[in-house]
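Presented below is the structure to which this report refers.
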Amino acid sequence: MVSALSLVVASWVYFGGGPGTTNGGLEVAAVSMDSVVEIPATTRSTATRGENAPISTPQKTVPVDITLKNTCSMPIIVKEIRGEVLHFAELPDCGRFGGGPAVLSASFGLVIPTTFRDDARKPTTTQIAMPADFVVEPGSVGRMEVTFGPETQNSSFVKPNIMAVKISLVPDVGEPLLIGTAGGVSQVQDVVHMAEHESYFARPQPADCNRANLREVLKVTRSSDVRSPYLTQMEKIYAKYA
């Protein structure tokens, strides 16, 4: 999979404010989840037996936008990005939208391996990582975007995967630098569909489904330092019809 890590901007002016977490000369100046990026992805139908050629279906997601500054006199290289999965859930389809069976694989940076158990995807490990080669020059700032999500997703129904992931950066010197916990949803298009067809959630039968999904979303939002705006949108929809 393509590593979804990129250098966005670098300058010689320090950013003000931010979390202020430090590790030697490397400091976290700011962390946010505001922008939407597109990443490579493929969809494969599982409706028939045998091999099915995957179809390119690029997906949108909200990355963790991290601004770092280097206050020492030597370059600092981020060699690895680590994640700890604190919460993960594949939510049932309360709107009962449905479709033909298909699986989607997207090129997230931090990939959460999953298995299908008890009618839902579940992570097989809580510890994930990706290699990096991100240089922050002395006296400067650098900005990176890190995406995270499951190895595979359901592409047939509106069954969003939500997760809270604690992220750390491993520099070439010193201890890992804690960034914080990010709350995300892997299928932006599902949340857009939910908002466009919100009345589907007002039916009598999915009230229990809305309440159960709301509880799962709240686990993620309450444990996150930053979160995707689409996660907040999901919370409002489920709360309205719970």
Side-chain angles (χ1 to χ4, degrees), residues 1-9 15 18-19 28-43 57-68 81-91 104-112 114 121 123 128-130 132 134 142-155 158-169 178-196 198 213-214 216-239:
M1 289 187 176
V2 178
S3 175
L5 165 68
S6 60
L7 173 64
V8 179
V9 68
F15 277 47
V28 180
V31 182
S32 65
M33 292 183 73
D34 299 316
S35 62
V36 178
V37 300
E38 189 173 271
I39 60 175
T42 58
T43 299
T57 50
Q59 299 294 303
K60 293 179 179 179
T61 191
V62 178
V64 184
D65 191 330
I66 306 167
T67 301
L68 302 169
I81 301 172
R82 294 177 182 171
E84 179 183 1
V85 183
L86 302 182
H87 297 290
F88 182 96
E90 181 182 68
L91 303 180
L104 183 144
S105 300
S107 298
F108 293 107
L110 283 171
V111 179
I112 303 172
T114 58
R121 277 174 179 76
I128 55 178
M130 61 177 287
F134 187 86
R143 188 172 154 210
M144 64 166 66
E145 292 180 335
V146 179
T147 62
F148 59 94
E151 186 176 21
T152 61
Q153 309 170 50
N154 187 296
S155 184
V158 178
K159 301 175 70 173
N161 291 257
I162 59 172
M163 63 225 78
V165 179
K166 183 184 291 185
I167 297 174
S168 300
L169 306 181
L178 177 63
I179 300 302
T181 300
V185 52
S186 61
Q187 295 110 309
V188 167
Q189 71 280 4
D190 278 4
V191 184
V192 172
H193 190 79
M194 288 169 62
E196 291 175 345
E198 192 176 310
N213 282 3
L214 177 61
E216 292 298 327
V217 171
L218 289 175
K219 289 179 185 178
V220 173
T221 58
R222 289 172 178 172
S223 63
S224 302
D225 301 306
V226 292
R227 60 196 60 85
S228 166
Y230 292 96
L231 193 66
T232 303
Q233 189 173 16
M234 289 173 62
E235 179 181 336
K236 290 179 179 178
I237 293 173
Y238 289 133

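What you see is a predicted model; the values in this text were computed from it and never measured.
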Under 4.0 Å between a Lys/Arg side-chain N and an Asp/Glu carboxylate O for Asp65 and Arg143?
yes
Trace of the side-chain contact (heavy atoms from CB on, under 4.5 Å) decision for Leu178 with Lys166
CA-CA 8 Å; Leu178 177 63; Lys166 183 184 291 185; 3.6 Å; yes
I'd like to check Tyr238 versus Met194 (side-chain heavy atoms, cut-off strictly below 4.5 Å). Are they in contact?
yes
To check you understand the geometry: which heavy-atom pair defines the closest contact between Ser32 and Val226, and what is its length?
CA-CG1, 4.3 Å
For Asn161, check side chain to side chain donor-acceptor pair (under 3.5 Å) against everything at least two apart and list the hits.
Gln187
Could you tell me whether the side chain of Thr181 and the main chain of Asp225 form a donor-acceptor pair under 3.5 Å?
no
Output the distance between atom CE (Met234) and atom CD1 (Ile162), rounded to the nearest 0.5 Å.
5.5 Å
Heavy atoms, side chains only, cut-off 4.5 Å: are Ile81 and Phe134 in contact?
no
Once you round to the nearest 0.5 Å, how far does CE of Met33 lie from OG1 of Thr232?
10.0 Å
Mind listing the closest non-hydrogen atom pair of Ala164 and Ser224 along with its distance?
CB-OG, 4.0 Å
Looking only at heavy atoms, which two atoms of Pro150 and Thr114 are closest? And how far apart?
CB-CG2, 4.0 Å
Show, in sequence, the C-alpha distance, side-chain angles and deciding distance for Ile179 and Leu169, and conclude whether the side-chain contact (heavy atoms from CB on, under 4.5 Å) test is met.
CA-CA 7 Å; Ile179 300 302; Leu169 306 181; 3.7 Å; yes
With rounding to the nearest 0.5 Å, note down the distance linking CD1 in Ile112 to CZ in Phe148.
7.5 Å
Can you find a heavy atom in the side chain of Glu216 that is under 4.5 Å from one in the side chain of Val220?
no
Can you tell me how far apart OG1 (Thr67) and CE (Met144) are? Round to the nearest 0.5 Å.
10.0 Å
Run the side chain to side chain donor-acceptor pair (under 3.5 Å) test against Glu90 and tell me which residues pass, sequence neighbours left out.
Arg121
Contact check, side chains of Gln233 and Val185, non-hydrogen atoms, under 4.5 Å:
no
Minimal heavy-atom distance between Leu104 and Ala41, with the atoms involved, is CD2-CB, 4.2 Å
Under the side chain to side chain donor-acceptor pair (under 3.5 Å) rule, collect the residues that match up with Tyr230, sequence neighbours excluded.
none
Taking all non-hydrogen atoms of both residues into account, name the closest pair between Thr147 and Gly109 and its distance.
OG1-N, 2.9 Å
Of all the heavy-atom pairs spanning Gly149 and Met163, show the shortest one and how long it is.
CA-SD, 3.8 Å
Rounded to the nearest 0.5 Å, how far does OG of Ser35 lie from NZ of Lys60?
12.0 Å
All side chain to side chain contact (heavy atoms under 4.5 Å, CB included) counterparts of Pro229, not counting sequence neighbours:
Val62
By side chain to side chain contact (heavy atoms under 4.5 Å, CB included), which residues pair with Ala239, not counting sequence neighbours?
Leu214
Side chains of Val31 and Val64, heavy atoms from C-beta outward: is any pair under 4.5 Å?
yes
Would you say that Val28 contacts Leu68 through its side chain, given a criterion of any heavy-atom pair below 4.5 Å between the two side chains?
yes
Euclidean distance, Leu231 CG relative to Leu218 CG, rounded to 0.5 Å:
9.0 Å
Sorted by chain and residue number, the side chain to side chain donor-acceptor pair (under 3.5 Å) partners of Gln189 (sequence neighbours excluded) come out as Gln59
